[in-house]
2 protein chains.
Amino acid sequence: MLPLDDYVPYLLNRAGARIAQAFSEEIRGLGTTLQAWRVLAALRDRDNQRVSELSDHTSIEISTLSRVLDGMQKQGLIARRRADDDGRVVTLHVTPAGRRLTDRILPVAERYERIAINGLSASETATLKRLLRRLYANMDALNGKREAAE
Amino acid sequence: MLPLDDYVPYLLNRAGARIAQAFSEEIRGLGTTLQAWRVLAALRDRDNQRVSELSDHTSIEISTLSRVLDGMQKQGLIARRRADDDGRVVTLHVTPAGRRLTDRILPVAERYERIAINGLSASETATLKRLLRRLYANMDALNGKREAAE
DNA sequence: TCATGATATTTGTAAATGCAAATATTATGG
DNA sequence: CCATAATATTTGCATTTACAAATATCATGA
């Protein structure tokens, strides 16, 4: 049978797409993009990440991310630094301008979180977050298995 | 504060991206794409949808969708038909070949649903679905408000 | 130490995407 | 009935994206 609105990947995509769409439109007014925000948010969580880590934390494919970083660097939002202990690794750093932009986006991000979970109780929100983390872990386990098989 | 993994849009995107990624890779072996599957799944739910409805149900931007439909039409998976009561409207129909492809993707889709919700109880799964529908409705309400303001 | 393989990132290139404009058709008010 | 506005879809075009290949650096074992 499988009606569409009982299919988790569909529900997930649908909700995510709507939030991303609305949020993107809004921060366009701040002269930036959703992808750039994902990078800034990840680096706010922890600065000094390497490109591959950032790719993981933002869900941006690594070669795409490389070019997103080009753009952000040109805008002076981030800086690339070559790791001194391993010359292959590039680490990313938020500049003061990047921090200022982050601070302007943050209230918007917080507002969209509130809009998204509007009408959910605190316990429902906590459950939602827990289940979403579990979904991610489930998919991640699958990835691990596939890589191990190679 | 806002740590990233406590932020609903982030958790949503992250889980959705992982599922989409794994599923895409898999159905590539069937000679098709995630976007095409979204169209087929939506039309399986209800055939005869117009382009704008399909855009809504698949979360594919309408001009992008128009070209996805071009490709699927060339592959003989769907047919376009002009509505006889309104010449502006184009409705979409799955062909027998499209149905055969759908039948081959369906078991894969069902498997990914199972993988995603692995470890969740039936009641947790039901809760997850309910909360995701609510999130979508919340964002949709926002859209409605914005359009009404114009 | 040197050759070979592994890892991290970037770049080449073709395809996908999305905004805005164009096109086609229908609805509405005078 | 006609002009104008509204609606549905497609197309022009610049940007973004992703796969594969290239590049740069490091690790390993003979």
Side-chain angles (χ1 to χ4, degrees), chain A residues 13 16-18 20-29 31-39 48-75 78-93 147-148 150, chain B residues 13 16-18 20-29 31-39 48-75 78-93 147-148 150:
Chain A
N13 174 255
R18 287 298 173 113
Q21 166 79 25
F23 185 77
S24 290
E25 276 174 29
E26 178 126 0
I27 65 172
R28 196 202 266 201
T32 191
T33 66
L34 180 54
Q35 300 294 60
W37 158 245
R38 288 188 173 134
V39 169
N48 224 313
Q49 294 184 60
R50 50 173 68 187
V51 177
S52 55
E53 287 174 311
L54 214 50
S55 172
D56 247 28
H57 294 146
T58 57
S59 304
I60 302 174
E61 194 275 337
I62 194 164
S63 75
T64 301
L65 176 59
S66 182
R67 281 183 254 244
V68 170
L69 295 173
D70 286 349
M72 295 179 72
Q73 190 171 22
K74 247 175 244 156
Q75 291 175 67
I78 56 153
R80 278 178 166 104
R81 196 172 303 153
R82 193 139 305 256
D84 40 325
D85 57 330
D86 185 339
R88 294 167 298 183
V89 170
V90 171
T91 58
L92 288 317
H93 308 268
E147 276 162 30
E150 278 160 23
Chain B
N13 175 254
R18 287 296 174 113
Q21 165 80 25
F23 185 77
S24 289
E25 277 175 27
E26 177 126 1
I27 64 171
R28 195 201 267 202
T32 192
T33 65
L34 180 55
Q35 300 294 60
W37 158 246
R38 287 187 174 134
V39 168
N48 227 314
Q49 294 184 61
R50 50 173 68 187
V51 177
S52 55
E53 288 174 311
L54 215 49
S55 172
D56 248 27
H57 295 146
T58 57
S59 304
I60 302 173
E61 193 275 338
I62 194 164
S63 74
T64 300
L65 176 60
S66 182
R67 283 182 256 244
V68 169
L69 294 173
D70 286 349
M72 295 179 71
Q73 189 170 22
K74 249 175 241 156
Q75 292 175 65
I78 56 151
R80 278 178 165 104
R81 196 173 302 154
R82 194 138 302 256
D84 42 325
D85 57 330
D86 185 340
R88 293 167 300 184
V89 170
V90 171
T91 58
L92 289 317
H93 309 270
E147 276 162 31
E150 278 159 23

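Chain letters run A, B, ... following the sequence lines, proteins first, then strands; residues in each count from 1.
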- Message: Are the side chains of B/T33 and B/I27 in contact, using a 4.5 Å heavy-atom criterion?
- Response: no
- Item | N-O pairing of B/D56 and B/R50 below 4.0 Å | no
- Task: Go through C/dC19, D/dC19, C/dT9 for me and flag the one nearest to the A/R28 side chain.
- Result: C/dC19
- Task: Ignoring the backbone of A/S52, work out which of D/dC19, C/dT9, C/dT17 is nearest its side chain.
- Result: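 For the A/S52 side chain, the nearest candidate turns out to be C/dT9.
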Answer with yes or no whether the side chains of [Y] and [X] bring together a donor and an acceptor at under 3.5 Å.
X     : Y     : result
B/R38 : B/Q35 : yes
B/S63 : B/E61 : yes
B/E53 : B/S55 : no

[X] vs [N]: side-chain N/O to OP1/OP2 distance below 4.0 Å:
X     : N      : value
A/S66 : C/dT10 : yes
A/R88 : D/dA27 : no
A/S63 : C/dT11 : no
B/Q21 : D/dA18 : no
B/R67 : D/dT11 : no

- Query: For A/V68 and A/G87, take the nucleotide of DNA chain D holding the closest heavy atom to each; which residue's nucleotide lies nearer the 5' end?
  - Reply: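 Comparing both residues, the 5'-ward one is A/V68.
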- Whichever of A/T64 and B/I62 has its nearest DNA chain D nucleotide further upstream toward 5':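 Residue closer to the 5' terminus by nearest nucleotide: B/I62.
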Distance in angstrom units between [X] [atom1] and [N] [atom2], rounded:
X     : N      : atom1 : atom2 : value
A/Q49 : C/dA8  : CD    : P     : 15 Å
A/E61 : C/dA14 : CD    : C1'   : 14 Å
A/Q73 : C/dT10 : CD    : P     : 9 Å
A/I60 : D/dT17 : CD1   : P     : 7 Å
A/L69 : D/dT17 : CG    : C1'   : 14 Å
B/R82 : C/dT23 : CZ    : P     : 15 Å
B/L65 : C/dA15 : CG    : C1'   : 17 Å
B/D70 : D/dT9  : CG    : P     : 14 Å

